[in-house]
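Have a look at the structure below, then the notes.
Side chains included, hydrogens not; waters and symmetry mates left out as well; all remaining heavy atoms used. Residue numbers start at 1 and run along the sequence shown.
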Amino acid sequence: MASPELAAGDGSYDFHLRSLSAASRDSAAAFDPASDPNLLQSVRRVCEMCRTAKEAKDEMVARAFPVMGKLFQRCAAAPTQAVASTGVLLLTILQFFLDFGEAVLHDADGSLKTFFRSCLSREFADPIVAECTVEFLVTNKTKILSSFPNLIPQFYPLLLKLVASNGERLESKFSQVLPLMMSAGSFLPLFLSLMDLPMLVVALEKVERSSGTLIGSSIATIQKSAAPEMLLALMDEAYTGSAIEEPSGNSGSDDSGALDLADPMFLDLLKDENDGIAAKHWISPTISSTLQAAFNSPQSDRLKQSLEMAPRFLTLYFATALRDVNDSLLCALIPVVMSRYAAMFPDKVFSFKVRKRLSDFILAAFQRSPDIIAVLKKPITDRLGEAHDNPAKTELALHLCWAIGEHGAGGIDRKDVARELFENLELLLYENLATSRLALSQEPGSDSMGASSRKSSQARLLCFVVTAIAKLATCHSELLPRARVSLGKVVARSQTLDRRVWQRACDYLGLMNEPAICLSVLGPSTAQGNGPGIVNWSEGGTKMVAHVPFYLLAEQKGPPFHDFSFTDLLPTE
């Protein structure tokens, strides 16, 4: 006797399968195959029946698979002028392929790529398709990661366009997909794309203003649409001698003219697939004018949301990188991070949040693997040499100075690297002592820094440089004589130098006269052995502490006046 699932009736398996088979053969519906609202319901019912069937399950899957395959191909090949969206229907069929592909020996890789290229590239801005796509990836992330590990890294630019178009309502689910985008081939490009998420929104909005809605036609189609006009113009010039008119017309406003889709920066921003790391044209006239226009005009809701989402995505990206990525990829990423420290969307709040995350990542990477400092000696010295260019690069130099001193230039066995980095710190110190101010260039649109702000910035930088010199010399004792000379020159300029810098140099010179205490206070935080002055604070309750120069703490030369004891500082049982 036939099972209930196969029995005849309007809700039976056979009924829904016949409906799908008829739809896959109907030539009249080829122009708009998803226009029938009952089609999606039939696909869902067939999938559900195959999933819950207790008898003849293999037979049901085997009968349904050819019909599903034909329907998938017809929907994927639907013309771009189709009215009904095929995205949800294709995702439902893809779920059938993933659930039962092993039973019929079907590899779903080709079908998944077809969906991204033929459907999602046209419908990424559709809120329903976008949400269903992200839910599909979250639901099947384990299977996709194990069976198709290169799929999401390959199409991560298209997924970023999806979240850029639909905003914060997809952020939570998209954050679950973001770690899947990271692979050896997409690791660096993904960072650049996350940094440029607000620029992607600007580019999409420019396309929308130039060519209408983003739903229904892929960016690639829009990019090719100007080719016939250009070809006709070239033919007209060749045969008649007339000049080709500028396509932008009046160039007085960036938004009034047509978008230059041939610009390399926009082509890179609007791509659908990862093609390897690409240079960002931050000095190109097109992006300069686009950034200026975006800075001067009111921000759209999508742009505001992208400015909020991008820092949070970077936090997740860096956390995943520090947890899962090897030192080789970190060494490749850190110079790129440093190069983008002063190159980002010109929004003050966004820039502050992103730079905080960039600096935290750099310091965390050095903390995890101090040897990276020695490997990246050249990029680090280059950034120290740019400390005077603008406030952002000055801030980056501060963090690098701290890392150099904190980790002893990579360890006590990195003598040559320590000497070269020490020389660069000396040069930075002497340059600032000679000029007595930081010659910071002004960023477009930013307020001019007053004399007091420049003096404060110089004092802060010099404090970090002086500290790095003292800590580096403490870790590498052969540098101590040069460090005393450098700090002595700082002390000698007490009349023209900020008192905070002068006092810090005096303190460090005093500590250097107490080698054991100096090693404990200024020694590297990593790779320390047991030696004089090395304090293991977890065992501090059993140790005796003596001969501590308290005058360094309170600027006093006599007995200290304090109301604390070491029991307040040491851990208790």
Side-chain angles (χ1 to χ4, degrees), residues 156-157 159-160 163-164 167-168 170-172 174-182 186-202 269 277 280 282 291 299 303-327 329-370 372-373 376 379-380 383 386-387 389-404 406-407 443 446 460 464:
Y156 84 81
L159 295 175
L160 286 178
V163 75
E168 290 180 327
L170 294 181
E171 180 182 358
S172 177
F174 183 82
S175 297
Q176 301 179 50
V177 180
L178 181 58
L180 305 181
M181 300 179 183
M182 300 173 65
S186 65
F187 182 64
L188 295 181
L190 178 59
F191 164 72
L192 296 174
S193 298
L194 292 175
M195 285 286 296
D196 291 335
L197 186 62
M199 276 302 303
L200 174 59
V201 173
V202 172
L269 281 173
I277 189 168
K280 300 296 179 179
W282 279 88
L291 288 174
Q299 295 179 351
L303 181 56
K304 291 178 181 178
Q305 292 179 21
S306 70
L307 292 172
E308 293 292 329
M309 291 188 297
R312 294 194 284 265
F313 289 154
L314 285 171
T315 299
L316 178 58
Y317 172 87
F318 288 139
T320 306
L322 291 171
R323 185 185 67 241
D324 299 336
V325 171
N326 58 35
D327 288 352
L329 285 177
L330 288 183
C331 286
L333 175 63
I334 291 175
V336 181
V337 171
M338 293 192 292
S339 69
R340 294 303 302 270
Y341 204 86
M344 60 186 69
F345 193 85
D347 181 85
K348 291 183 178 179
V349 177
F350 171 77
S351 299
F352 173 80
K353 292 179 179 179
V354 170
R355 284 174 186 144
K356 177 67 167 60
R357 285 157 175 80
L358 298 184
S359 59
D360 287 349
F361 165 72
I362 292 174
L363 297 179
F366 289 154
Q367 178 70 30
R368 193 190 92 167
S369 304
I372 293 178
I373 297 177
L376 299 179
I380 290 174
R383 300 306 165 189
E386 298 173 354
D389 290 357
N390 57 50
K393 293 184 178 181
T394 302
E395 190 72 20
L396 176 60
L398 297 180
H399 295 297
L400 294 177
C401 288
W402 185 90
I404 291 170
E406 182 70 11
H407 303 293
E443 292 182 337
S446 63
R460 189 162 176 253
F464 275 76

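Proximity of a side-chain donor or acceptor of Arg355 to a complementary backbone N or O of Tyr341 within less than 3.5 Å is detected. The closest donor-acceptor contact from the side chain of Tyr156 to the backbone of Leu178 lies at 3.5 Å or more, if one exists at all.
Closest approach of Ala310 to Pro198, counting heavy atoms only: CB-CD, 4.4 Å. The two residues Ser351 and Phe345 have their closest heavy-atom pair at OG-O, 3.3 Å. Residues Phe361 and Ile334 come closest through the heavy atom pair CE2-CG1, 4.1 Å. For the pair Ser175 and Leu316, the tightest heavy-atom approach, listed with the atom from each and the gap, is O-CD2, 3.1 Å.
Residues passing the salt bridge (charged side-chain N to carboxylate O under 4.0 Å, His left out) test with Arg357: none are found, sequence neighbours excluded. The side chain to side chain donor-acceptor pair (under 3.5 Å) test applied to Asp327 returns Arg368, Ser369, not counting sequence neighbours. Annotation: salt bridge (charged side-chain N to carboxylate O under 4.0 Å, His left out) contacts of Glu168 (sequence neighbours excluded): Arg312.
Using a 4.5 Å heavy-atom threshold, the side chains of Val163 and Glu171 count as separate. Between Ile362 and Leu396, some side-chain heavy-atom pair lies under the 4.5 Å cut-off. Side-chain atoms of Ser193 and Leu200, non-hydrogen and from C-beta on, never get closer than 4.5 Å to each other. Within the 4.5 Å cutoff, side-chain heavy atoms of Met181 are placed close to those of Leu159. At a threshold of 4.5 Å between non-hydrogen side-chain atoms, the residues Leu194 and Leu197 do not count as touching. When side chains are defined from C-beta on, His407 counts as touching Gln367, because their heavy atoms get closer than 4.5 Å. Side-chain contact between Met338 and Leu400 is present, with at least one heavy-atom pair separated by less than 4.5 Å. Residues Leu307 and Val349 form no side-chain contact, since every pair of their non-hydrogen atoms from C-beta on lies 4.5 Å or further apart.
Contact check on Asp347 versus Lys353 returns no salt bridge, with no Lys/Arg side-chain nitrogen under 4.0 Å from an Asp/Glu carboxylate oxygen. For Arg460 and Glu395, the salt-bridge test passes: some basic side-chain N is under 4.0 Å from an acidic carboxylate O.
In this structure, Ile404 CD1 and Ile380 CD1 are separated by 5.5 Å, a value rounded to the nearest 0.5 Å. The structure places CG of Asp196 at 4.5 Å from CZ of Arg340, a figure rounded to the nearest 0.5 Å. Rounded to the nearest 0.5 angstrom, Leu322 CG and Leu333 CG are separated by 9.0 Å. In this structure, His399 NE2 and Thr394 OG1 are separated by 11.0 Å, a value rounded to the nearest 0.5 Å. The CZ atom of Phe350 sits 16.0 Å away from the NZ atom of Lys304 when rounded to the nearest 0.5 Å.
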Given the rule in the side-chain contact (heavy atoms from CB on, under 4.5 Å) test, do Thr320 and Phe187 qualify, once you have shown the distances and angles that lead to the verdict? CA-CA 11 Å; Thr320 306; Phe187 182 64; over 6 Å; no
Is there a side-chain contact (heavy atoms from CB on, under 4.5 Å) between Glu406 and Leu363 once you walk through the steps? CA-CA 10 Å; Glu406 182 70 11; Leu363 297 179; over 6 Å; no
Determine, step by step, whether Met344 and Leu358 satisfy the side-chain contact (heavy atoms from CB on, under 4.5 Å) criterion, reporting the C-alpha distance in whole Å, the side-chain angles of both residues, the deciding distance to 0.1 Å, and the verdict. CA-CA 12 Å; Met344 60 186 69; Leu358 298 184; 4.2 Å; yes
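Separation of the Phe313 and Phe191 ring centroids does not fall under the 6.0 Å cut-off.
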